[in-house]
Amino acid sequence: MTQKEKMISRGQLFCFIIQSQIGVGILSLPFKLSETAKGGGALSVLIAGIITQLVIILLWVLLNKFPGLNLFSICLQIGGPIIGRILIIAYIGYFVLLGSNVMFSAVEVLQRWMLQTTPRWAILALFSIMTLYLAREKLTVLARFFTLATVLFVPLILFVSYGLTQAHLELMLPLLENGFWNIMNGVKDSAISMYGFEMMLIVYPLSEGTNNQRLMTISLASGFVTLLYVFVVSTCLMVFNSEQIKLIPEPVIYLVKSLNFYIVDRADILFLPIWAITLVCSIVSYCYAASIGLSVLFKRKNHKNFTPFVKISTFMIALAPVTPAGFHLFDTAATYASYVFIAGLSMMLLMVSLFMKRKAGGLA
Amino acid sequence: MKFDMKLKSNVLLITLVSFCLTGCWDREYLKDLHLAYCSAIDYTENGEIKETIELIIPPDVEQTATKSEIHSSTGPTVRNASNQLRNRVRGNIRFIKYGFELMGKTMAEQGLYPILDVNYRDPSNPTSNVRLIITEGEASQILEQKMVGELKIGEFLKQKIDSLEEMSVFPKETADTVFRSLKDPGHDFALPYIDRNEGEIIAKGVALFHDQNYSGMLNPDQSIMMVLLMGQQGKNARFTKKLDLGHSDDIRNFITINVGSKKIKRKFKVSIADDESIDVNLGLELKAVVEEFTDTLDEKELKKVSQELSELLTKEAETVVNEIQKANCDIFGVGRKLIAYHHNVWSNKNWSEDYRKVKFHTKVDVKIVSTGILQ
Amino acid sequence: MTNQTQISFTTVDQNADYIEAALFHTNDLKKRRISFNGTEGILFYLESAADTELVERNVIAPFGHNQDTDLSKLFTSLSFGMETELNKGIQGLIHGGCLYFLEGMSEFYILSTPAKHERSISEPENEAVIRGSHNGFIEDMTVNLYLIRKQIATPNLTVRYTTLGKIAPKKVALVYMENLANPELVKKVDSRIKKISLDAVLSTGFIQELTEDNSYSIFPQHINTERPDHTSFYLLKGYVAILLDGDPTALIVPASFFSFYQTPDDYSNRWVIASFVRFVRLIGFVTAFQLPALYIATVSFHSSVLPLQLFFTIQGSLTRIPFPPLVEAMLLELIFELLREAGLRLPSRVGQTIGIVGGLVIGDAIVKAGLVSYTMIIVVALTAISSFLIPSNEMSSAIRFMRFPLMVAASLFGYIGISFGLTIIFVHLCKLESFGKPYLTPLSPINIQGLKDTFLRLPIWTIRKNASKSGAEE
């Protein structure tokens, strides 16, 4: 690839971020929140959204320190060839882990709801092929597909909105039933479903617009996702009561299942295949990030040839857990990895870069 | 480009291989399915569950009517009983288009949740359009009747339930809404209550539930009032009342009104006194259409009749509420209101007992807005 | 072969020998000895390429009565030139010219007398419109260019000729609007055409395949049309047209997916109706490649989505069928493709018989025999009709082809399989570019202005506000 990679437009950046953010987490988010925040689940999501915005701003500051560079090149800049490489490898590991986690959870959901007897490797292979085919492509192609897939939110939102016909506001009240601290606990749960915005670390240098415009776009995307989550969570909390929701690990699908559309029965069967496509987008963005990381690591211009390796490793990792304990461990690992990598490491990079700047300024 | 080709052929290969490998993971051909449309659940004397189903058999020749078969079996759980059934009959019985579940009263008294659990747990079972019906006698007896006139029992029940819901006799409850109420400490439910009488299947009213147990019933007239008080409304809701108009022949004293065709205004307010006693104001404003009345009504009489009807219906509403309270069935969701708006009060209450102490103030206002095409 | 730049000889006979040898004494080469003012001369022409009557009237006849004037004045009624290189003369012969050699003269005359056996300008059969101009391209490029110039009478319309084919060269014209087309696009098209090194370019199909961005794709990446008005419509949007001499088809680039869903009729209809028609086509597109797959997935995986009555109806029709739905569908699709192909190659009257035999006899018998269910017949017939809704034949074939892999995917994984297949197809479409223009424009990358003329056909004043370089540039 000799010619320079094309930039993605702001609209595409918007779609890219929301597609990476919306993943499998939202399907079970109301369930997780009902354990902690109960009626105040929507508040938790809102707070998590605000925190996400703050993190986005911090990441943006970091990216602005190194214009035109993505996360991996920044690692090299800051850490030097050795530490930088270690950091890159760590980040690649993180992206692979998250990618396989999303893929794993997606397959779990599909197996539970639709393809009970199909073996896991088959569905995983299916997802792997789909994502491999896309993740090998240039960012512009990814962005185009993500834009296209954004159209699918219309039926998805419509399905969930139809659930409002069965909603009772009283089921969500009182908002602060479990107290403020549990709502904050819920924030932790909702934060998991917010992941994906860290893709900005990869795509930011490749998108058009001034710095402020790009920040605005990313914030808007994240804001859209937050509002969508608030909507979905509050719909679920208004349709199911708290005792009931404790029994239903995927309330969103259950909600869609329980709707009566008259022309088509069992809307969940239509809902899940559409949802699968948005999941593909999430997985693809992680795999893309990991392969970009590999290409920086090995100083290649093209990430195409690295994608199969990333894909194979995500496939293997997602295949590994077999017991519920394994699932849980896997989830926890992904959660903590996200804290460390998005918040922790990025902050550290930011600190170091600020320090470096000052040192450089002092010298001059 | 070369790599591209290799990849493509790999993808093709994988697809082909998986094509050959996939025997029949989740595939389930429509033509091989045997659909159970109705099921009836009872307890046998020795405590097992007896499940009776109506199996729909597709016709051999196209464009002819489907046939049905009735089978039953027993087992310790519902799923087990279904499996026993599968051993006995055509095998692949599926509940995917399941329409009804009939449950005997004796079973309902012991609690519905264990019976319904399988419906909610298995993703292939529908819940959105499944009706639950309580029968006075053994539920299986109703299914065993197999045909009612020209109709298969399942079709008959569907039409019956649909039309009675339209007449506001039965509240619109499906397996889903029941699931919600089952798990809601502040909300109970009522289900259609039917019985078999000399070969006919008749609606006996509604069965009231407390938590998951049958706790009482209302007759059809009362259930119309209950449905209206719940804030639901079918297309029709008819009452026939005897008025004190002083006519010598009895029939001229009766009036039939329909309040379901016009919009009903409902007032439902839960208030808490200082001593945490609970008052519920439940008011209905009904706009009635006179459907049968042998006398003419002028404006003055209209007012009088309206007045009288209001009194009669208020009285009826009071008895209905009494019955419901006696059955300890929080059908109006008073508890839910408490949870939502008076959470402190709720936590101090033991709702199974305190619900009976709630004071209801019911009031029904009837206003005749139309007398049909006659004056 | 002979020397490439053979200068004409001074004697007539030497020249005659050379030319006859160069054309391998082909029998349609006519040689007439006509002297001028006493000097010996020879006239050559190919009777298969030159207009013999014209030669007789305007070349040979003047010699009879105007022997004394200047030779050049004899041929004033024809366009002619003087040439010294014999091979250029031979080229002229092949293109229908006459050569006249005069004893002792170092130059010879090339007279343009090409035969014109052309069919008249008529409406292309497979692109008929209800309203709008009823003329179409023919096999002569000059006429085709004339037809375009008639539509766009402006100096900005630019034509660039290239010759392709090493053994049998043919002229190719690039046509574009100098002020509207993106210069980069023109350069790209030009360079790709110049890269073609074939012995012979028989039809535009060759050019199409050799200039495509992705030859492995099943989707057409050139718009092809035989309509001058359609061509001019695109030229005015900044597209580039490629014309080949001897082929009535114009290739227009860059193509996008949605350009295959537009017809010239859309713009002569009232916009609300045109939008409705576009919408119907969109439904046709979706059914054409999804319906069989959806049906297969439904009856073999997700019977529970069917409403109860439909469930029994379909189940009833399926009970006696011995095959799984995929086989059933493949069988019927195959029969349909057989009938279509058979009908296509036969004269229309026999074609009708095929339709009757295929549609009525086979259709009815195959159900009665219990090989295929009625519902499957409905599905396949609907699919077939929907696929004919697509104006472009190439796109229609692509879509018809696409449903087979989708059907397989559907029979493997049900709806998930379909969304898997669709993802692959749409990723491919996102990847595809036609001369640098993303194939799915204006849907993705999104372009609101373009969308007004994609799924809908909004009033023309809203679509064509600025006819600047928007079209081809994306």
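- Between R196(B) and E144(B) there is no salt bridge, since no side-chain N of the basic residue sits under 4.0 Å from a carboxylate O of the acidic one.
- Ranked by non-hydrogen atom pairs under 4.5 Å with chain B, the options P325(C), G414(C), A409(C) are led by P325(C).
- Enclosure of atom CD in Q145(B) by more than 12 non-hydrogen atoms of other residues, nucleotides or ligands within 6.0 angstrom is indicated.
- At a 4.5 Å heavy-atom cutoff, the contact between F301(C) and chain B is made by backbone and side-chain atoms alike.
- Contact count versus chain B (heavy atoms, under 4.5 Å) is highest, among P324(C), P405(C), P307(C), for P324(C).
- Ring centroids of F311(C) and Y37(B) are separated by 6.0 Å or more, keeping the two rings apart.
- Taking 4.0 Å as the cut-off between side-chain N and carboxylate O, R403(C) and E337(C) count as a salt-bridged pair.
- Interface check for chain C: of the options N129(B), T66(B), L35(B), the most heavy-atom pairs under 4.5 Å are formed by L35(B).
- Looking at Q221(C), Q208(C), H222(C) one by one, the single match for side-chain hydrogen bond (donor to acceptor under 3.5 Å, both in side chains) with E394(C) turns out to be Q208(C).
- With a threshold of 4.5 angstrom between heavy atoms, L33(B) approaches chain C through its backbone and through its side chain.
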